[in-house]
Amino acid sequence: MRNREMQKMTDGNDSGTKIKICGLRRREDILAVNEAKPDYCGFIIEFPSSFRSVTADEVRELVKELDPEIRPVGVFVNAPMELVRTLLDDGTLALAQLHGQEDESYIRELKTYTDKLIIKAFSIKTAEDIEKALQSPADYILLDQGGGGTGKTFDWSLIPEIQRPFFLAGGIGASNLGQAIREIHPYAVDLSSSVETEKRKDPMKIRQVVDIVREIKIIN
């Protein structure tokens, strides 16, 4: 779809690595990202096994207070396609991130219903996992260690020179953020547990990591 390509061009017309803060669930979290201004923020939707999970209605209310310059991403794990479509179509979400076993047919079908961009997450343990990710029909791929919000990294040496834009997740925080950007060159970095204190988003930690990314952009 033409609108999809225009969105990707718009996303990529600003040099420098982008940053996503994931797992928002409280109004205080919204206020924190509004202050720090990351490029994306993520909401884990209708996935009760995660303490960060929120309902569709809760997301709608939270997004109402979100700075319009921050793009809201819905994180779904094997969700009914109707749920994903509804939150994209009603303007609640700007992007959908699929973090379960959604296959290529699911992604292709979803793309026929929406112009919004799709991110597909992959658990990386071997070079073959990377190759599989690169074949995905999603607009963006996300490379993760697979546990989801555990604060652990995977072996970054598995990542080859990748031509398509990708999100890097898993164990990224203030201590290794600069290394990740300079060595891996991701399109975006995705952080969650590293910006929390006692399982709640910490405004100071969010501000710190966003500032690190912005400073690297200026230097480069």
Side-chain angles (χ1 to χ4, degrees), residues 7-8 10-45 50 52-54 58-76 87-88 91-97 99 116-119 121 139-144 148-149 151 153 165-182 184-197 199-220:
Q7 281 189 67
K8 290 178 74 173
T10 300
D11 272 3
N13 68 3
D14 186 16
S15 62
T17 303
K18 300 184 184 300
I19 181 169
K20 172 172 170 272
I21 303 297
C22 200
L24 308 190
R25 58 193 176 94
R26 306 176 302 145
R27 181 175 181 271
E28 291 87 345
D29 301 341
I30 299 296
L31 298 178
V33 295
N34 283 350
E35 177 68 24
K37 289 186 169 47
D39 302 283
Y40 302 93
C41 67
F43 303 90
I44 299 172
I45 301 172
S50 170
R52 301 182 182 96
S53 180
V54 291
E58 286 172 335
V59 172
R60 290 187 178 98
E61 290 304 309
L62 289 168
V63 167
K64 288 178 182 178
E65 297 192 60
L66 184 66
D67 186 311
E69 293 185 3
I70 303 171
R71 308 193 71 193
V73 181
V75 179
F76 301 93
L87 289 169
L88 291 170
T92 300
L93 302 175
L95 300 90
Q97 177 178 317
H99 227 289
K116 301 289 180 67
L117 300 179
I118 309 300
I119 306 167
D139 299 291
Y140 297 116
I141 56 175
L142 182 147
L143 309 181
D144 197 358
T153 61
F166 68 96
F167 285 66
L168 181 65
I172 304 172
S175 64
N176 63 356
L177 185 52
Q179 177 190 1
I181 292 173
R182 293 188 178 96
I184 312 301
H185 309 294
Y187 164 77
V189 288
D190 192 334
L191 293 79
S192 183
S193 59
S194 67
V195 292
E196 293 176 348
T197 298
K199 294 190 173 183
R200 292 192 173 189
K201 291 293 181 282
D202 186 319
M204 292 183 64
K205 290 182 179 179
I206 292 173
R207 164 62 75 178
Q208 180 185 23
V209 295
V210 172
D211 284 349
I212 289 172
V213 172
R214 301 299 183 231
E215 287 167 9
I216 292 173
K217 175 180 174 180
I218 292 170
I219 292 171
N220 293 341

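Heavy-atom basis, side chains included; hydrogens, waters and symmetry copies ignored.
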K.L.:
I'd like to check Phe43 versus Thr92 (side-chain heavy atoms, cut-off strictly below 4.5 Å). Are they in contact?
P.N.:
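Counting from C-beta outward, Phe43 and Thr92 never come under 4.5 Å.
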K.L.:
Suppose we screen for side-chain contact (heavy atoms from CB on, under 4.5 Å). Which residues come up paired with Asp202, at least two apart in sequence or across chains?
P.N.:
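With sequence neighbours excluded, Asp202 shows a side-chain contact (heavy atoms from CB on, under 4.5 Å) to Thr197, Met204, Lys205, given in chain and number order.
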K.L.:
Any non-hydrogen side-chain atom of Ile30 less than 4.5 Å from a side-chain atom of Leu24?
P.N.:
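Yes, close enough: below the 4.5 Å cut-off.
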K.L.:
How far apart are the closest heavy atoms of Leu142 and Asp190, and which atoms are they?
P.N.:
CD1-OD2, 3.3 Å
K.L.:
Measure the CD1-CZ distance between Ile216 and Arg182 for me, rounded to the nearest 0.5 Å.
P.N.:
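Output value for this atom pair is 4.5 Å.
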K.L.:
Testing the basics here: between Val210 and Ala36, what is the closest heavy-atom pair and its distance to 0.1 Å?
P.N.:
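Heavy-atom minimum between the residues: CG1-O, 3.2 Å.
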K.L.:
Could you tell me whether Arg26 atom CZ has more than 12 heavy atoms of other residues or ligands within 6.0 Å of it?
P.N.:
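For Arg26, atom CZ is crowded (more than 12 foreign heavy atoms under 6.0 Å).
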K.L.:
Quick one: are Lys18 and Arg71 in side-chain contact, heavy atoms under 4.5 Å?
P.N.:
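Not in contact.
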K.L.:
Could you state the interatomic distance from CG (Asp144) to OG (Ser192), rounded to the nearest 0.5 Å?
P.N.:
10.0 Å
K.L.:
Measure the spacing between CD1 of Ile19 and CG of Leu177 and express it to the nearest 0.5 Å.
P.N.:
6.0 Å
K.L.:
Is the shortest side-chain heavy-atom distance between Asp29 and Leu62 below 4.5 Å?
P.N.:
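Answer no - side chains too far apart.
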K.L.:
How close do Gly74 and Ile45 get, heavy atom to heavy atom, and via which atoms?
P.N.:
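Where Gly74 meets Ile45 most closely, the heavy atoms are CA-CD1, 3.7 Å.
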K.L.:
What residues, two or more places apart in sequence or in another chain, satisfy side chain to side chain donor-acceptor pair (under 3.5 Å) together with Gln208?
P.N.:
none
K.L.:
What's the shortest heavy-atom distance between Lys37 and Ile70, and which atoms?
P.N.:
CA-CD1, 4.1 Å
K.L.:
Roughly how far apart are His99 NE2 and Ser50 OG, rounded to 0.5 Å?
P.N.:
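Output value for this atom pair is 10.5 Å.
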K.L.:
The criterion is ring pair (Phe, Tyr, Trp, His ring centres under 6.0 Å); which residues satisfy it with Phe167, sequence neighbours excluded?
P.N.:
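Result, ring pair (Phe, Tyr, Trp, His ring centres under 6.0 Å) vs Phe167: Tyr40, Tyr140, Tyr187.
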K.L.:
Quick one: do Leu87 and Arg60 satisfy side-chain contact (heavy atoms from CB on, under 4.5 Å)? Show the steps, please.
P.N.:
CA-CA 8 Å; Leu87 289 169; Arg60 290 187 178 98; 3.6 Å; yes
K.L.:
For residues Ser194 and Leu191, report the shortest heavy-atom separation together with the two atoms involved.
P.N.:
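Closest approach of Ser194 to Leu191, heavy atoms only: OG-CD2, 3.5 Å.
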K.L.:
What I'd like to find out is whether the side chain of Arg52 reaches to under 4.5 Å of the side chain of Lys199, using heavy atoms alone.
P.N.:
no
K.L.:
For the CG atom of Asn34 and the CD1 atom of Ile206, what is their distance to the nearest 0.5 Å?
P.N.:
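If I round to the nearest 0.5 Å, the distance is 10.5 Å.
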K.L.:
Within the 4.5 Å heavy-atom criterion, are Ile21 and Val195 side-chain neighbours or not?
P.N.:
yes
K.L.:
Looking at Thr17 and Asp39, what are the two nearest heavy atoms and their distance?
P.N.:
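So the two residues come closest at O-OD2, 4.5 Å.
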K.L.:
How long is the gap from CZ on Arg27 to CG on Leu66, to the nearest 0.5 Å?
P.N.:
12.5 Å
K.L.:
Under 4.5 Å between any side-chain heavy atoms of Val75 and Lys20, yes or no?
P.N.:
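Yes, side chains in contact.
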K.L.:
Verify, without hydrogens or angle tests, whether Lys201 (side chain) and Ala32 (backbone) share a donor-acceptor contact under 3.5 angstrom.
P.N.:
no
